[in-house]
Colleague: 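Here it is, the structure in full.
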Amino acid sequence: MSNDNIQAVLGESRIFPPAAEFVAKSRVDAKKMAELRAAAEKDHVGFWASLARQELSWNKPFTVTLDDSKAPNYAWFTDGRINVSYNCIDRHLEKRGDKLAIRFESEPGVVTTLTFKQLHGEVCRLANVLKSLGIRKGDRVVIYLPMSPSAVIAMQACARIGAIHSVVFGGFSAQSVRDRVEDAGARLVITADGAHRAGHVVELKKAVDEALNEGCKTIEKVLVYKHAGNQIAWKDGRDLWWQDLTAKAAAECEPEWVEAEHPLFLLYTSGSTGKPKGVQHSSAGYLLGAHQTTQWLFDVREDDVFWCTADVGWITGHSYVCYGPLSNGTTIVMYEGGPMTPDAGRFWKICQDHGVTIFYTAPTAIRALMKMGEKFPLSYDLSKLRLLGSVGEPINPEAWIWYHHVIGKDKLPIVDTWWQTETGSVMISPLPGATPLKPGSCTQPIPGIFADIVDESGELIPGLDQGGYLVITKPWPSMLRTIWGDNERYIKAYWGQFGNKYYVAGDSAHRDKDGYYWILGRTDDVLKVAGHRLGTMEVESALVAHPRVAEAAVVGRPHEIKGEAIVAFVILKGQRPTGAEAEELIKELKNFVAKSMGPIAKPDDIRLADNLPKTRSGKIMRRLLRSIAKGEEITQDVSTLENPAIVAQLAGKE
Ligand code: WT7
């Protein structure tokens, strides 16, 4: 976030206490929240143990709550046995068998629904198919599917048999599929012919074919869900139709009772190196986090219709589409396509048509829809909505106020939820019936979560009205367990910075005079582009793979809608072209990155130059590049640069 934004955010002083009407019916009011906090303060481990016993269904109860003998590789509920799909589906069958679990709308507008009973049948059928293909407990399965019930069914089916899923976002490229398959050593890919997105068909199967053509030797079969009906290539002996096999499979499948710590899934996310890391989550601890936060923060009740707009390819889609709401027996809405298709009213139309009561989305979507004007939301009946949520990046007060006023009619609470792929579930957030809101602040850590801020040397910064590095000081059940295949990287990336004492989130934060947290942005080389996390080094590696690129440096620049835009400074091999030739090459490079990583990583701006600003020891001055990218007047001292003259050229003044 830029300095201006930080000032704007910290200057925000409006407070919105929860409406009496909401408080009266909420699961957690201020008194209950204080009790929960006190209980967690007194005995943090016991606090989570009693929730785990009360909220989850176990096959074998646990006696050990927290094993910290291998810290920072913490383990929770270690001697218990559980099955996540049983908790999300089977345990609701008696009471809620005919209740809708999923209401799905495809981008072309076809609505399909599944009751918990039907979902159970579909998950069991697919689980049996997976078993018939030789997939066993602990095997990795890559899921590359449209945002549709098939994705939830595939995830739940893996969970049912103890296979470890790794969902790859449908907007990622063939190369990303290949990297993830290879890193995880996956045996099976589950994909679809295609997905609808913004009026087009995204050819998922084609990308899988491309990924598997080179490498991916561990893949034995590709299971293909017929979804968009587009033409696809077929490899006999390897490719199988989902619908053919499930039609013949039995609709009952005993859940595999796994150890609490058995990995439920891997989810690859960007860090500060060129290679995404496979964040590994557990079964029981993860589920408890997703389950409990869904209950507390979204205040779910029996008649709620919960719509989290995130794709299942992201952690938000794991925790608040697939696992948390279903574990609570809540009806979810899934929508396949883009928010602007056919127009900017689509989200609001879906809220109206499906009777959505809880709506959870990202600031980038709010800003994009805000820009289209009030006429879209005002054309639809949003009266069923009772709670709004935001996630993924800081929400600027202006967007918050619009969301509150236009969508929330000045009365709905907004939960601004801070968390990460690594934390598994929400960590810092209001509880809607208890916490007074401040636009732009994710407020306070939820009960059972202990956040703090530290200075450069890792010392806790006591007191209020202070800023520093955001850390989590106590382990929590849904924390990541490791980085797949690289525990050293896990320790180094998340604990190493301050001597393994705290979990280091990688964000900077300000704690105000009321103890409210304001997230200011990342402290590492990670960008947040339209809520998506991208490593600058990843984009740099993609660029230097182009035969004409010698060197590249990527930074973020504030962007009105996307939060951050990608700016790349590129040094070419040989002669630097100018004019039309340069423009042609820039276009080619942008498409090259989009092709290799996926459209979300396409740089907004590429500048060709003869050199990068470096210190005499060869370090690229990123701070300077960020200023140049923003078009700021360079006031920084450039005398330590090896090549001070380059600054004018990068700024386009030469
Ligand atoms: C990073 C994690 C957590 C699900 C989606 C993103 C930023 C996330 C907020 C928020 C300010 C936020 C942080 C964090 N972030 N939520 N409510 N306010 N910043 O997951 O891709 O793992 O990214 O997103 O910078 O570290 P992710």
Side-chain angles (χ1 to χ4, degrees), residues 1 5-6 9 12 167 169 171-172 266-272 276-279 281 286 289-290 293-294 297 308-324 360-367 388-397 399-400 403 414-430 435 437-446 449 451 469-472 478-480 483 493-494 503-510 516-535 538 556 562-564 600-601:
M1 217 190 248
N5 278 341
I6 293 172
V9 160
E12 180 60 52
V167 182
F169 172 54
F172 277 146
L266 310 179
L267 186 58
Y268 284 80
T269 190
S270 300
S272 46
K277 40 196 179 185
V279 168
H281 278 289
Y286 168 79
T293 50
T294 302
L297 310 183
C308 163
T309 67
D311 192 279
V312 285
W314 310 107
I315 190 69
T316 312
H318 283 59
S319 303
Y320 302 105
V321 177
C322 184
Y323 292 117
Y360 188 32
T361 196
T364 185
I366 298 167
R367 288 191 294 262
L388 304 174
S390 170
V391 60
E393 55 178 312
I395 178 165
N396 47 311
W400 194 100
Y403 198 27
I414 299 179
V415 288
D416 176 357
T417 61
W418 178 88
W419 59 298
Q420 309 178 296
T421 304
E422 294 86 345
T423 68
S425 54
V426 176
M427 306 287 279
I428 309 182
S429 168
T435 314
L437 308 173
K438 297 188 189 186
S441 167
C442 53
T443 75
Q444 294 187 297
I446 64 168
I449 298 300
Y469 295 87
L470 182 64
V471 295
I472 310 296
S478 68
M479 66 197 300
L480 80 163
I483 297 295
Y494 301 107
Y503 170 85
V504 186
D507 281 345
S508 65
H510 181 89
Y516 275 40
Y517 285 79
W518 300 77
I519 306 297
L520 303 176
R522 299 285 310 188
T523 57
D524 52 8
D525 296 322
V526 165
L527 304 179
K528 273 285 172 160
V529 180
H532 303 318
R533 189 161 150 183
L534 286 172
E538 256 177 282
K562 297 198 287 187
E564 268 186 303
I600 51 172

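Both ligands and their constituent atoms are indexed starting at 1 by order of listing. FYI, side chains are in, hydrogens and waters are out, and symmetry mates aren't considered; it's all heavy atoms of this structure. Computed from a prediction, not measured in an experiment: that's the story for all the values here.
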Colleague: Exactly which residues line ligand 1, taking a heavy atom under 4.0 Å from it as the test?
Modeller: Ile315, Thr316, Val391, Gly392, Glu393, Pro394, Asp416, Thr417, Trp418, Trp419, Gln420, Thr421, Asp507, Ile519, Arg522, Lys528, Arg533
Colleague: Can you list everything that forms a side-chain contact (heavy atoms from CB on, under 4.5 Å) with Thr421? Sequence neighbours excluded, please.
Modeller: Leu267, Thr269, Val279, Ile315, Arg533
Colleague: Checking the side chain of His532 only, and the main-chain atoms of Lys528 only, is there a donor and an acceptor separated by less than 3.5 Å?
Modeller: no
Colleague: What distance do Thr435 atom OG1 and Asp416 atom CG have between them, rounded to the nearest 0.5 Å?
Modeller: 11.5 Å
Colleague: In plain terms, say whether Glu393 and Arg367 are close enough for a salt bridge, that is, a side-chain N and a carboxylate O under 4.0 Å apart.
Modeller: yes
Colleague: Report the relative orientation of the aromatic rings in Tyr320 and Tyr360; use parallel for angles under 30°, tilted for 30 to 60°, perpendicular for over 60°.
Modeller: perpendicular
Colleague: How far apart are the closest heavy atoms of Val426 and Ser429, and which atoms are they?
Modeller: CG1-CB, 3.5 Å
